[in-house]
Amino acid sequence: MVDDKDLDPTLADFLSESSDDDSDSFSFEDFDDSLGDMDDGDDSMGGMDNEPATPFTKNESVKKAANAEPYKVDITREQILPVEKFADEKSNGYFDEPGYYKTALAGEGDISQRVHQLLSRYLKCQDQKERVGYRQSIIPSWWGMMKSACGKVADRDLPMPKRMMIRFGVVLPSLFSVEQKELFSKSILNNETGEPVYYLDEWLKEVALGHIVPSTTDEKHVKKVVTAGSSSGNEEQDRLLQLKNKNDVKLQTCESQANKVQAERAMTETELKGRVDVLCTHERVIGLEHFTQAYTEGQKQLFADIFEKLRTLQRIDKELSKNLAELEEAKEVGISLEQKLSLGEMAGGGSNRAAYAGNISAEFDTIRQMTKMTCGRRGNPFPVFSREFYHCTPNLTGFRERVISILRWIEMNDRSAFRRKIKGGNFARILPFVILVPSYGDFGFCWQPFERLNRSMSRGRIVIPMYPRNLKVSMLMAVADYRWQYAKERSIDWTDPQEGITGQYYQYLEAHKIKGDIKSLFMADYVTWMTKEIEGTQIMEKELRGIFWRGIPFNREKREELSKRSMNYLDLYKKDAVRFDPEFTKMSQQEYRNHLREELPYDKLQFPGVQELVSETDFFKVRK
C-alpha cells in the first residue's frame with residue numbers, strides 16, 4: 001500500500017484535500033494543475049540537463065551495417081553486434097514536463113476521465129480491500145483509453161507524454177522513485193541497432209503504416225464497417241491491399257535471396273583472386289635471372305580449385321540473374337499497386353487509411369491478449385507503471401538495448417536458435433520480431449513462428465514483458481517457445497524422432513511416462529539447459545542431456561570447455577567427431593558446410609558493413 005508520506009508532496013496535498021470528497025466530479029485538468037510544479041522541489045534531480053538526449057553514434061562500419069528498416073529480412077546478417085551503449089548520458093526531460101499527466105490523458109474522451117477518477121481514488125485509498133477493487137477497475141478502463149491513444153501512434157505530432165504512456169505505461173511521473181525516474185529518462189528512444197526489437201508504440205506504428213503484417217489470430221470472421229454506397233469501393237481497396245501484402249512478401253523474399261547470392265559471389269570472387277594471385281607468383285631461376293620458375297606442385301593443384309570456383313560463379317550468376325528478374329518484376333507490381341491504391345484513396349475518401357486504422361485496432365486487441373498472457377493466471381495484470389510493483393534492477397529492466405544484449409548471448413551459445421532451412425538446402429538466419437510490452441508478468445512466449453503467407457522467409461513474433469522478476473529467464477522461455485513452435489509447424493509428423501528435437505523429446509517423455517503439457521516441459525528444460533547445464537551443473541537426466549546436446553548444441557568453445565569438466569560431457573563431445581565426419585555420415589556437402597559455419601566464433605560471422613570477417617577458406621580449416 002502507498003501512504004501519503006511515500007507519495008510526491010504535491011500529490012499528497014491534493015489527495016488530502018479531496019479525501020472527504022466522494023463524488024464523481026473529478027477533473028484531471030484540475031489534478032494536473034496541482035501537479036504542475038510537482039518536480040520543481042526535487043533537489044535530487046538538480047543540475048540534470050533536460051534537453052533531448054543526443055542519439056548515440058557508432059563507428060562508421062557499424063553505422064552502415066545498421067538497417068534503417070529492421071522489419072525487412074536480411075539473411076546476410078548472421079550475428080547481433082555487441083551493444084555499445086545502454087542509456088543516454090543526459091536525461092531526455094520528458095518526465096519533468098509540468099503538464100505531463102494532462103497531456104497523456106487529453107484527447108481520449110470520457111474514458112480518460114474515468115481512468116483519472118479511478119486512479120485518484122486508488123492512490124488516496126487506505127483500505128487494502130478497497131485498493132484491490134479500484135486496481136481491478138482501472139484495468140478495463142485503462143485498456144479502453146489505450147485503444148483510443150494507440151490509434152494515433154502513426155501521427156508525427158503525437159505528444160511525447162502520450163507516447164511514453166503507451167511505451168512504458170507511465171501516466172503519472174510521481175509514481176517513479178527518484179532512481180527510476182532518472183533510469184527511464186535516460187533510456188534510448190530510437191532504434192540505433194537495426195535489430196527487429198520494438199517498443200509497443202513503435203510496433204503499432206509499423207502495423208499502421210503497413211510495414212508489418214498484423215499478428216495472426218484465431219478469429220475467422222472480421223466485422224467490417226461499410227457505409228452506404230461505398231461497399232464496392234472498399235472491397236476493391238481491400239483486394240488491392242491483400243495483393244500488395246502478398247507482393248511485399250515476394251519482394252522481401254527476392255531481396256533477401258539476392259543479397260545472400262550477391263554476398264556468396266563476392267566471397268567466391270575474393271577466393272578466386274587469391275588463388276590466381278598465388279598462381280601468378282613465380283620465383284626467379286637462379287643463374288637465369290631473366291626467367292622465372294615453372295609452376296610448382298602446389299600451384300598445379302590450384303588449377304582444379306580455380307575451375308571449381310569458376311563453375312561456382314557460373315551457377316551463382318545464373319541464380320542471381322533469376323533473382324534480380326523476379327525482384328524487378330515484384331517492384332513493378334508494387335509500384336502499380338501503390339498507384340492504384342493512391343487513386344482509390346483519393347476517390348474513396350481515404351479507405352486505404354481506414355484499412356490501416358482497422359489493422360491497428362485489431363492489432364491492439366491482440367496486444368492486449370499478449371500482455372495478459374505474460375502475466376499468466378496468478379500474475380499482476382495492473383497496466384500502470386508504479387514503484388509499488390516495479391522490482392527490477394536497472395540491468396534487468398526490459399529496455400531494448402538490454403533485450404538485444406541478452407538475445408545476443410542466447411544466439412552466441414545456441415547458434416541454431418534462429419536458423420531455418422530454405423530452398424536449395426541452404427540455411428538462413430532470421431531473427432524473429434521482439435515485441436516489448438509494459439507488463440509486470442514473468443512469461444515470455446512466441447505468438448507465431450512465421451507469417452501464414454510466407455513460412456520460409458518471414459520473421460516470427462516473440463513477446464517479452466518489460467518488468468519481469470528475471471528478464472533473462474523470460475527471454476529464454478520465449479526463445480524455447482519459438483523453437484518448439486517452429487519445429488513443430490515445419491514438421492510432417494512432429495512426434496517422429498527423425499523430424500528433429502520435437503520428436504526426440506516426445507519419445508523421451510513417452511518412454512519415461514512423464515505427464516504434463518509437452519511444450520511447457522520443453523521450455524522448462526530449455527531454461528535449465530541454458531542456465532545450469534551450460535555452466536557444467538549436471539541437472540538433466542543423461543538421456544535428456546544427450547537429446548539437447550545433439551538437437552540444441554552449445555557453441556564449439558563451450559562444448560570443449562564442458563568436455564574437460566565431466567566424463568558425461570566428454571563422452572558426448574567425442575561422439576560429435578564421428579557424428580559430423582562426412583566420411584562416416586550421410587551428411588551432404590551443403591549440410592557439412594552449414595555445420596562448419598555454425599562452428600565458427602560468433603563474432604566472425606557475416607555482418608554487412610563490418611570488415612573483420614573470416615574468409616570461407618578459413619571456415620573449412622576448422623576440421624582440417
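Note that the structure is a prediction, hence the values are computed from the model and not measured. Keep in mind that the numbers below use all heavy atoms, side chains included, and drop hydrogens, waters and symmetry copies.
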Please check if any side-chain donor atom of [X] sits under 3.5 Å from a side-chain acceptor atom of [Y], or the reverse.
X    : Y    : value
N191 : Y199 : no
D525 : Y505 : yes
S174 : Y101 : no
R131 : Y122 : yes
E363 : S215 : yes
S137 : R121 : no

Evaluate the side chain to side chain contact (heavy atoms under 4.5 Å, CB included) criterion for residues N380 and C375: first the C-alpha distance (whole Å), next the side-chain angles of each, then the deciding distance (0.1 Å), finally the verdict.
CA-CA 6 Å; N380 178 12; C375 300; 5.8 Å; no
Tell me every residue that passes side chain to side chain donor-acceptor pair (under 3.5 Å) with [X], counting only those two or more places apart in sequence or in another chain.
X    : result
Q448 : T216
Y440 : none
K472 : none
R114 : none

[X]: which residues meet the salt bridge (Lys or Arg N to Asp or Glu O under 4.0 Å) condition with it, sequence neighbours left out?
X    : value
E533 : R545
K205 : none
K488 : none

For the residue pair [X] and [Y], establish whether any side-chain heavy-atom pair is separated by less than 4.5 Å.
X    : Y    : result
L175 : V384 : yes
P196 : V434 : no
P82  : R408 : yes

Do [X] and [Y] sit within salt-bridge range, that is, some charged N less than 4.0 Å from a carboxylate O?
X    : Y    : answer
D88  : K186 : no
D157 : K152 : no
E192 : K85  : no
E489 : R452 : no

Taken in chain and number order and not counting sequence neighbours, the residues that satisfy side-chain contact (heavy atoms from CB on, under 4.5 Å) with P465 are T374, S439, P468, S474
Just verifying a value: how many Å separate [X] [atom1] and [Y] [atom2], rounded to the nearest 0.5 Å?
X    : Y    : atom1 : atom2 : answer
R368 : C150 : CZ    : SG    : 12.0 Å
S141 : H116 : OG    : NE2   : 13.0 Å
L189 : Y94  : CG    : OH    : 6.0 Å
C446 : M477 : SG    : CE    : 12.5 Å

Who are the ring pair (Phe, Tyr, Trp, His ring centres under 6.0 Å) partners of [X], not counting sequence neighbours?
X    : result
W447 : none
F176 : F95, F184, F385
W494 : W484, Y506
F443 : none

Report the relative orientation of the aromatic rings in Y482 and Y486; use parallel for angles under 30°, tilted for 30 to 60°, perpendicular for over 60°.
parallel
Look at the rings of W529 and F548 and say which category their plane angle falls in: under 30° parallel, 30 to 60° tilted, over 60° perpendicular.
tilted
For D201 and R163: C-alpha separation, side-chain torsions, deciding distance, then whether salt bridge (charged side-chain N to carboxylate O under 4.0 Å, His left out) applies.
CA-CA 7 Å; D201 62 301; R163 191 173 294 278; 3.1 Å; yes
Among K147, K162, Q113, find the one that has a side-chain hydrogen bond (donor to acceptor under 3.5 Å, both in side chains) with E108.
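Going through the options one by one, the only one that passes is K162.
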List the steps and the verdict of side chain to side chain contact (heavy atoms under 4.5 Å, CB included) for L431 and V197.
CA-CA 10 Å; L431 204 66; V197 180; 5.7 Å; no
Pair M370, I367 - check side chain to side chain contact (heavy atoms under 4.5 Å, CB included), show working.
CA-CA 5 Å; M370 291 177 180; I367 290 292; 3.7 Å; yes
If you count the non-hydrogen atoms of other residues, nucleotides and ligands that lie under 6.0 Å from [atom1] in [X], is the total more than 12?
X    : atom1 : result
K558 : NZ    : yes
D110 : CG    : no
R455 : CZ    : yes

Please name the pair of heavy atoms, one in I188 and one in R400, separated by the smallest distance, quoted to 0.1 Å.
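Taking I188 first and R400 second, the nearest heavy atoms are O-NH2, 4.4 Å.
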Please report the C-alpha distance between F382 and F389 in whole Å, then the side-chain angles of each, then the deciding distance to 0.1 Å, and finally whether the ring pair (Phe, Tyr, Trp, His ring centres under 6.0 Å) criterion is met.
CA-CA 9 Å; F382 191 60; F389 305 115; 5.5 Å; yes
Is there a salt bridge (charged side-chain N to carboxylate O under 4.0 Å, His left out) between R459 and E451 once you walk through the steps?
CA-CA 7 Å; R459 299 188 189 273; E451 294 176 7; over 6 Å; no
If you apply the rule side chain to side chain contact (heavy atoms under 4.5 Å, CB included), what do you find for T495 with T502, and how did you get there?
CA-CA 6 Å; T495 62; T502 56; over 6 Å; no
Starting from the C-alpha separation in whole Å, work towards a yes-or-no answer on salt bridge (charged side-chain N to carboxylate O under 4.0 Å, His left out) for D96 and K181.
CA-CA 9 Å; D96 296 320; K181 185 176 182 180; 2.8 Å; yes
Do F168 and Y467 have ring centres separated by under 6.0 Å?
no
